[in-house]
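The first residue of the sequence shown is numbered 1, and numbering continues consecutively from there.
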Amino acid sequence: MSEQEMKMTVSPICTDKTGKKKYAYVTFTDGDKYAEAKIPYCEITKNDGFSDEEIAGLMFYIKTNLPELKKIAAKNNVFEALKK
């Protein structure tokens with residue numbers, strides 16, 4: 001049996017209805033487990049299967065790597081992704 005690798009995805013930058021607040025989503029999948037966080041607020045918005053300890057580790061990762069995650073989100077372009 002092979003071990004699965006945790007996968008992380010960063011969404012393009014989104015804006016709220018007022019157009020003033022910008023954010024992106026970072027999702028983590030590990031087998032059947034799924035978690036979603038909203039940056040730059042560093043809050044978990046969904047969790048299905050990750051333990052409290054694992055969520056704490058994901059939050060530590062997000063907070064530690066927030067500048068890089070924000071850069072990734074800024075580079076992601078939803079229109080380019082749809083062309084593929």
Side-chain angles (χ1 to χ4, degrees):
M1 182 176 204
S2 64
E3 289 187 32
Q4 289 186 317
E5 235 179 73
M6 184 180 301
K7 294 181 183 177
M8 180 187 76
T9 305
V10 181
S11 77
I13 294 175
C14 306
T15 55
D16 68 357
K17 292 178 184 178
T18 66
K20 295 180 182 180
K21 292 185 180 182
K22 294 182 180 181
Y23 58 92
Y25 291 100
V26 180
T27 59
F28 298 93
T29 54
D30 189 4
D32 292 336
K33 297 188 261 184
Y34 173 86
E36 177 183 272
K38 193 174 186 180
I39 60 171
Y41 310 109
C42 298
E43 61 186 29
I44 295 292
T45 56
K46 293 180 184 173
N47 176 23
D48 184 15
F50 284 101
S51 69
D52 291 342
E53 184 178 339
E54 290 170 318
I55 289 294
L58 294 176
M59 290 307 302
F60 178 79
Y61 175 84
I62 290 168
K63 289 176 181 177
T64 303
N65 295 285
L66 186 58
E68 185 61 29
L69 293 170
K70 288 167 69 175
K71 286 179 187 174
I72 293 169
K75 289 180 184 177
N76 286 344
N77 182 324
V78 71
F79 297 111
E80 289 298 319
L82 290 173
K83 288 181 184 177
K84 293 180 182 179

Indicate, with yes or no, if Ile13 and Met8 share a hydrophobic cluster defined by side-chain heavy-atom contacts under 4.5 Å among Ile, Leu, Val, Met, Phe, Trp and Tyr.
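No, it is not one cluster - the side chains of Met8 and Ile13 are not joined through contacts under 4.5 Å.
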CD1 (Ile55) and CD1 (Ile44) are apart, to the nearest 0.5 Å, by 4.5 Å
As an exercise, state the distance from CG of Leu58 to CD of Glu53, rounded to the nearest 0.5 Å.
11.0 Å
Not counting sequence neighbours, which residues clear side chain to side chain donor-acceptor pair (under 3.5 Å) with [X]? List them please.
X: Thr15; answer: none
X: Asp52; answer: none
X: Thr45; answer: Glu36
X: Lys33; answer: Glu54

Could you tell me which non-hydrogen atom of [X] sits nearest to which non-hydrogen atom of [Y], and how far apart they are?
X: Ile62; Y: Cys42; value: CG2-SG, 3.9 Å
X: Thr64; Y: Pro67; value: O-CD, 4.4 Å
X: Pro12; Y: Asn76; value: CB-O, 3.6 Å

Pairs touching residues 25-61 that satisfy ring-ring contact (aromatic ring centres under 6.0 Å, His included), sequence neighbours left out:
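ring-ring contact (aromatic ring centres under 6.0 Å, His included) check on residues 25-61 returns Tyr23-Tyr25.
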Given 3.5 Å as the limit, does a donor-acceptor pair link the side chain of Asp32 with the main chain of Gly49, or not?
no
Partner set under side chain to side chain contact (heavy atoms under 4.5 Å, CB included) for Glu68, not counting sequence neighbours
Lys71, Ile72
